[in-house]
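First comes the structure, then the notes that go with it.
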Amino acid sequence: MTLYAALTASRPEKLAIAALVTIAGSILLTLSAKISIPFYPVPLTMTTFVVIGLGLALGPRLGTAAVALYLVQGALGLPVFAGTPEKGIGFAYMMGPTGGYLLGYLLAAFAAGTLAERGMDRSPLSAFVAALIASAVIYVPGVLWLGALFGWDQPILAWGLTPFILGDATKAALAAIVFPATWAMIAKKGGL
């Protein structure tokens, strides 16, 4: 069971709530992409944390739907991604260096949601592991896309993986705090 399922189990208007939550998730993703925090060795946005958080909180279907809506908004030319509109918009942006990572967002939300349905968001250690797994899922299509785009003779891992590991470990640690604490708060209030 996910947080969303626990909080909406007895609500008759589940479809309307699901639609609103999906829209809110896409808005949250846009906001997270626009806030850049100085972090060594690269600036840090909270987009991957929100992607993984949507999966953990909403489950695989609804979390993936929120990410998909965000990607559709970007494909339609809305400046929802980090660096837009300065670095381009729409499909031109999506086919650039970050294209594989954007695809990875869909896969990560689904993976995180699946892990949450199995209860991996309930304890700090398992939530940390779930967030790390979902982060790794983002890198697979991201690094493959970079390699295909620029050539494997380039320092692809130095460009698209290693500078982000510390930031993603920090975000996984944040997930390990936030999600188990939220479950504990719900249990304390008699929500389960």
Side-chain angles (χ1 to χ4, degrees), residues 1-7 21-22 24-26 28-29 31-33 35 37 39-71 81-82 94 97-148 156-187 192:
M1 175 180 286
T2 63
L3 287 168
Y4 175 79
L7 295 172
V21 166
T22 301
S26 73
L28 186 59
L29 275 168
L31 293 174
S32 70
I35 299 169
I37 303 164
F39 192 83
Y40 180 81
V42 292
L44 179 75
T45 69
M46 293 303 285
T47 310
T48 55
F49 176 78
V50 172
V51 165
I52 293 165
L54 288 171
L56 291 174
L58 304 178
R61 290 165 294 287
L62 201 51
T64 302
V67 174
L69 178 59
Y70 169 72
L71 295 176
F81 303 129
M94 294 177 83
T98 60
Y101 299 98
L102 295 174
L103 172 61
Y105 288 174
L106 280 173
L107 302 173
F110 187 83
T114 301
L115 295 170
E117 284 185 336
R118 290 173 171 75
M120 287 190 67
D121 60 338
R122 307 257 177 136
S123 78
L125 180 58
S126 64
F128 181 74
V129 170
L132 284 180
I133 290 169
S135 291
V137 168
I138 293 171
Y139 287 109
V140 173
V143 170
L144 289 174
W145 180 259
L146 278 179
I156 299 302
L157 296 179
W159 291 348
L161 176 66
T162 54
F164 302 99
I165 291 173
L166 181 60
D168 284 341
T170 303
K171 293 176 214 176
L174 182 59
I177 295 167
V178 170
F179 287 92
T182 304
W183 275 111
M185 186 176 64
I186 290 170
L192 292 178

Is there side-chain contact between [X] and [Y], with heavy atoms separated by less than 4.5 Å?
{"X": "Ile133", "Y": "Leu115", "result": "yes"}
{"X": "Met120", "Y": "Val129", "result": "yes"}
{"X": "Val67", "Y": "Leu29", "result": "yes"}
{"X": "Leu107", "Y": "Pro141", "result": "yes"}

Show me, pair by pair, the donor-acceptor contacts under 3.5 angstrom made by side chains of residues 164-176, not counting sequence neighbours?
{"unit_1": "Asp168", "atom_1": "OD1", "unit_2": "Thr48", "atom_2": "OG1", "d": "3.4"}
{"unit_1": "Asp168", "atom_1": "OD2", "unit_2": "Tyr139", "atom_2": "OH", "d": "2.3"}
{"unit_1": "Thr170", "atom_1": "OG1", "unit_2": "Leu166", "atom_2": "O", "d": "2.9"}
{"unit_1": "Lys171", "atom_1": "NZ", "unit_2": "Thr45", "atom_2": "O", "d": "2.9"}
{"unit_1": "Lys171", "atom_1": "NZ", "unit_2": "Thr48", "atom_2": "OG1", "d": "2.7"}

Which heavy atom in [X] sits nearest to a heavy atom in [Y], and how many Å separate them?
{"X": "Trp183", "Y": "Met1", "value": "CZ2-O, 3.5 Å"}
{"X": "Pro180", "Y": "Pro124", "value": "CG-N, 3.5 Å"}
{"X": "Val178", "Y": "Thr182", "value": "O-OG1, 2.7 Å"}
{"X": "Ser32", "Y": "Thr47", "value": "OG-CA, 3.3 Å"}
{"X": "Phe81", "Y": "Ala33", "value": "C-CB, 4.0 Å"}
{"X": "Gly55", "Y": "Ala116", "value": "O-CB, 4.3 Å"}

Inter- and intrachain pairs under salt bridge (charged side-chain N to carboxylate O under 4.0 Å, His left out), touching residues 98-111, at least two apart: none

Heavy-atom donor-acceptor pair, Thr162 side chain to Leu157 backbone, under 3.5 Å: yes

Donor-acceptor under 3.5 Å (Thr98 side chain, Tyr101 main chain): no

Test side-chain contact (heavy atoms from CB on, under 4.5 Å) applied to Thr114 - qualifying residues, sequence neighbours left out: Pro60, Phe110, Arg118

Verdict with reasoning, Leu71 to Met94, per side chain to side chain contact (heavy atoms under 4.5 Å, CB included): CA-CA 9 Å; Leu71 295 176; Met94 294 177 83; 4.3 Å; yes

Pair listing, ring pair (Phe, Tyr, Trp, His ring centres under 6.0 Å) test, anchored in residues 47-69, at least two apart: none

With Arg61 via salt bridge (charged side-chain N to carboxylate O under 4.0 Å, His left out) - residues at least two apart: Glu117

Between CD1 on residue Ile156 and CH2 on residue Trp145, distance to nearest 0.5 Å: 12.5 Å

Sole residue of Val137, Val51, Thr64 in side chain to side chain contact (heavy atoms under 4.5 Å, CB included) with Tyr105: Val51

Test applied, side chain to side chain contact (heavy atoms under 4.5 Å, CB included); reference residue, Leu62; option that passes from Thr2, Leu54, Thr22: Thr22

Pairing residues for Ser26 by the side-chain hydrogen bond (donor to acceptor under 3.5 Å, both in side chains) criterion, not counting sequence neighbours: Gln73

Evaluation steps, side chain to side chain contact (heavy atoms under 4.5 Å, CB included), between Ser135 and Ile52: CA-CA 8 Å; Ser135 291; Ile52 293 165; 3.3 Å; yes

